[in-house]
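Encoded as structure tokens, the structure appears first; notes follow it.
Numbering of ligands and ligand atoms starts at 1, following listing order. Please read all numbers here as calculations on a predicted model, not as lab measurements.
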Amino acid sequence: MPVNQETQAGQAETRKFVYDFTEGNKDLKDLLGGKGANLAEMTNLGLPVPPGFTITTEACKVYLDSGTEPPALRDEVSRHLDALENRMGKKLGRPDNPLLVSVRSGAKFSMPGMMDTVLNIGLSDESVAGLAEQAGDERFAWDSYRRLIQMFGKTVLGVDGDLFEEALEEAKKGRNAVTDVDLETADLRQLVEDFKAIVLKETGRSFPQEPREQMDLAVRAVFDSWNTDRAKLYRRQERIPGDLGTAVNVCSMVFGNLGPDSGTGVAFTRDPASGHQGVYGDYLQNAQGEDVVAGIRNTVPLADLESLDKKSYDELMQIMETLETHYKDLCDIEFTIERGKLWMLQTRVGKRTAGAAFRIATQLVDQGLIDEAEALQRVNGAQLAQLMFPRFDENATGREGVQRIGRGIAASPGAAVGKAVFDSYTAVKWSRSGEKVILIRRETNPDDLNGMIAAEGILTSRGGKTSHAAVVARGMGKTCVCGAEELEVDTKRRRMTAPGGVVVEEGDIVSIDGSSGKVYVGEVAVVPSPVVEYFEGRMHAGADDADELVQAVHRIMAYADRVRRLRVRANADNAEDAARARRFGAQGIGLCRTEHMFLGERREMVERLILADHDDEREEALGALLPLQKADFVELFESMDGLPVTVRLLDPPLHEFLPDITDLSVRVALAESRHEKHENDLRLLQAVHKLHEQNPMLGLRGVRLGLVIPGLFAMQVRAIAEAAAERRNGKTDPRAEIMIPLVGTVQELEIVREEAEKVIAEVEQATGTDLKLTLGTMIELPRAALTAGQIAEAAEFFSFGTNDLTQTVWGFSRDDVEASFFTAYLEKGIFGVSPFETIDRDGVGSLVRSAVEAGRATRPDLKLGVCGEHGGDPESVHFFHEVGLDYVSCSPFRIPVARLEAGRAAAESQGSDSR
Ligand code: PEP
Ligand code: MG
């Protein structure tokens with residue numbers, strides 16, 4: 001035996017591997033799995049649970065690691081089985097009066113349909129007669145036996161399930177039976193023989209007649225089912241850790257198929273769609289649980305049980321109330337009635353829609369069952385985000401005239417419908433004349449901004465979740481599907497071709513679903529979000545017509561705001577976004593990307609700056625930009641009066657402001673062939689060539705621009721300072737913070753800082769104001785994070801640029817990887833979610849953590865924030881709370897989500913502190 005197996009087996013001896021239902025409780029989910037823990041909890045509440053015991057996940061882990069059950073397990077199971085037999089007054093599989101058990105899987109997290117279950121363990125050629133006697137029903141006994149061989153053969157012995165189904169079909173045909181209920185005892189006896197023959201033929205062994213062997217094999221099969229391909233895939237998709245293992249519940253059987261006074265059903269303690277209290281569920285008379293799933297007969301509404309079996313119905317209602325009060329939450333339940341006796345087979349805290357989660361949380365507060373901190377744990381940011389997007393009416397996607405033509409990456413949620421346009425100019429023109437348009441591009445670039453603003457939604461055939469289209473669309477809260485590679489976009493001919501030859505021409509209606517990535521041709525009906533109407537201030541939570549959902553969201557947001565420590569700012573670079581951000585609860589701007597102010601007609605001015613050969617020319621170009629920049633900042637400071645506004649100096653490589661190299665080359669070549677004048681284009685082309693970089697993201701951008709283009713940063717600082725002075729002298733309260741991007745070493749920052757301070761002092765003197773401007777940097781390169789202690793000497797604040805930091809820590813190009821190999825990485829489970837979406841705690845996160853510590857060690861009052869996309873990601877917000885940042889900054893539409901998650905993080909850590 002290898003050493004680790006030996007030690008594992010050794011340790012195993014001292015552990016307890018089997019818990020009677022009377023020994024566990026709901027908090028032992030790690031050990032007993034969700035089902036086992038809840039069965040124990042119900043047992044302890046005195047509810048009618050069929051007696052049984054749970055084999056722990058620890059036993060499963062030993063089995064999975066070493067390939068064999070822990071040596072002590074067999075005896076422990078024997079002791080618990082004895083106790084169970086004594087309690088029931090029956091013995092497992094004994095020919096007269098047999099005890100039958102079910103063997104069910106039950107992991108910590110529910111994995112519906114993934115794991116195995118075997119019912120009726122204990123039946124054999126001998127005990128089937130005993131069951132017939134016990135139940136007074138021979139047909140029932142043989143039917144139970146054939147079900148056992150079928151289920152056991154398939155899940156435990158690995159026989160192809162179709163072989164049993166085919167034999168069953170044959171038997172039905174021979175009888176002209178429509179369903180298996182029409183088969184008689186003799187048919188079922190024959191079927192048992194046929195099934196046993198199948199087992200023998202397929203496995204080379206007889207169906208085991210020894211009941212304990214049946215049980216042990218079934219337990220082992222449940223352990224093994226943890227590692228089936230489908231279970232592994234499900235876990236990867238749902239981000240369930242692969243090493244948890246499953247528990248196994250051995251439970252005495254009760255039967256819902258013993259006649260009309262028996263049956264089985266499922267119920268919710270309140271409506272999982274609305275949260276309203278009432279009677280919600282389904283019941284199937286004279287049936288076992290699997291019949292409900294198989295849909296052999298139609299179920300009736302649970303309310304009908306009252307007339308069928310009033311005693312059981314009343315008891316069930318009473319139990320549901322007990323469960324709700326005890327779990328303080330919506331529970332779902334499975335139950336069986338055996339000859340008028342109600343048995344609870346399962347309960348758990350039930351799944352619910354996003355809207356119901358908010359409603360239920362506040363309803364439970366009103367009922368006094370939970371407090372506000374707990375209410376925050378009952379909802380999450382993903383649910384809030386879901387409630388904020390308009391969505392397609394599900395029933396409308398199959399209507400006439402609507403056809404799904406492709407699917408891309410769900411980059412920015414929502415539902416958008418409009419006429420297809422293939423360039424920004426047309427998007428703007430058509431939208432000005434009142435048309436709704438969808439901008440379709442292969443990929444977008446800063447030139448498309450106006451078109452993107454004008455469009456209802458954006459569709460691209462290239463690029464991933466952090467491509468330009470995706471980031472900008474998310475920033476605007478605009479629906480975006482990107483990287484729909486099966487769609488061929490031909491912008492020159494203004495058309496898009498889908499697989500199968502469907503052609504979408506300019507002006508055709510298309511519908512895009514940014515929550516699923518689906519693309520349709522035709523108009524799908526859209527339902528607007530009342531929650532956005534509320535955040536926008538167009539609906540008041542207190543108004544008579546405000547729906548229950550809006551009121552619930554309003555209350556939960558108030559709880560979150562009350563407890564959160566993190567402040568929430570917006571990434572915004574125009575007054576409109578800033579105003580919206582403020583309506584959504586922003587406490588300032590954490591990132592104003594000034595490059596967004598250099599588009600449209602101002603681009604030419606930047607071109608002039610880039611082309612300038614002499615200082616005079618350069619100064620003239622800068623001089624022309626200064627008042628425009630200043631006016632931008634005046635507006636921004638006005639809309640964020642009294643709140644901090646972090647303005648980042650120019651970041652992207654200059655070539656982004658110049659025409660495309662290919663287009664320009666063609667233009668120059670054409671002009672030359674026609675002997676037309678083209679000096680300006682020629683100069684531009686030379687500049688483009690000069691600035692061309694193989695890796696522009698690692699090239700001349702950020703602080704490097706400020707250091708090599710004389711006067712550029714000084715002009716921006718002057719614009720900020722003059723704007724602040726103007727507002728301050730107008731007796732308002734601008735709070736500007738100047739941020740330097742892409743710093744890798746403190747020396748870079750010191751040079752820029754010195755220059756900036758000089759400009760600020762000049763403006764202060766000229767205007768007679770104390771501007772109180774602060775100067776800080778982004779931490780978005782590994783070197784910056786690693787030398788954060790030094791950098792803090794020259795920075796009053798850090799803002800973590802986790803987009804670039806992720807790009808540079810992983811060596812992943814943020815513009816390319818998501819559309820290329822990330823799908824394979826996700827499928828292989830290398831990560832469950834893109835590190836550009838949720839912060840990679842172990843890698844990027846650990847750099848953030850150490851930079852926070854080093855920065856604060858140098859400068860205890862260093863202000864710390866984050867402005868990468870992660871600032872609005874629910875899971876990442878918890879991380880930023882944990883590492884002690886002061887604020888997160890995200891796009892305006894994600895502000896409510898960030899507020900909520902910041903509140904949840906604070907409530908959670910307060911809870912764990914006081915525990
Ligand atoms: C970042 O890198 O995280 C960041 C916010 O800057 P940008 O996305 O503009 O590069
Ligand atoms: Mg960056």
task: Determine, step by step, whether Phe831 and Trp810 satisfy the ring pair (Phe, Tyr, Trp, His ring centres under 6.0 Å) criterion, reporting the C-alpha distance in whole Å, the side-chain angles of both residues, the deciding distance to 0.1 Å, and the verdict.
output: CA-CA 13 Å; Phe831 29 66; Trp810 281 87; 5.6 Å; yes
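Residues Ala586 and Leu643 approach most closely at O-CD1, 3.9 Å, considering heavy atoms. The minimum heavy-atom distance between Glu656 and Arg603, with the atom names listed, is O-NH1, 4.4 Å.
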Run through all N or O atoms in ligand 1 and write down each protein N or O closer than 3.5 Å, as a pair with its distance.
from     : atom 1 : to     : atom 2 : distance (Å)
ligand 1 : 2 (O)  : Glu780 : OE1    : 3.0
ligand 1 : 2 (O)  : Asp804 : N      : 2.9
ligand 1 : 2 (O)  : Asp804 : OD2    : 3.0
ligand 1 : 3 (O)  : Gly801 : O      : 3.3
ligand 1 : 3 (O)  : Thr802 : N      : 3.0
ligand 1 : 3 (O)  : Asn803 : N      : 2.7
ligand 1 : 3 (O)  : Asn803 : ND2    : 3.3
ligand 1 : 6 (O)  : Arg648 : NH1    : 2.9
ligand 1 : 8 (O)  : Arg593 : NH2    : 2.8
ligand 1 : 8 (O)  : Asn803 : ND2    : 2.9
ligand 1 : 8 (O)  : Arg814 : NH2    : 2.8
ligand 1 : 9 (O)  : Arg593 : NE     : 2.8
ligand 1 : 9 (O)  : Arg593 : NH2    : 3.3
ligand 1 : 9 (O)  : Arg648 : NH1    : 3.0
ligand 1 : 9 (O)  : Arg648 : NH2    : 2.9
ligand 1 : 10 (O) : Asp804 : OD2    : 2.9
ligand 1 : 10 (O) : Arg814 : NH1    : 3.0

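Of the listed residues (Leu459, Ile440, Val481), just one forms a side chain to side chain contact (heavy atoms under 4.5 Å, CB included) with Leu487, and that residue is Leu459. Results of the side chain to side chain contact (heavy atoms under 4.5 Å, CB included) test with Glu737 over Leu775, Thr646, Ile720 single out Thr646 as the only residue that passes.
Using a 30° and 60° split on the angle between ring planes, Phe836 and Phe812 fall in the tilted class, from 30° to 60°.
Using a cutoff of 4.0 Å between basic side-chain nitrogens and carboxylate oxygens, Glu456 and Lys478 are not scored as salt-bridged. Salt bridge annotation for Asp577-Arg583: absent, with no cationic side-chain nitrogen under 4.0 angstrom from a carboxylate oxygen.
Inside a sphere of radius 2.8 Å centred on the Mg ion (ligand 2), the protein N/O/S atoms present are Glu780 OE1, Asp804 OD2.
Distance check: Ser639 OG to Ile589 CD1 gives 6.0 Å after rounding to the nearest 0.5 Å.
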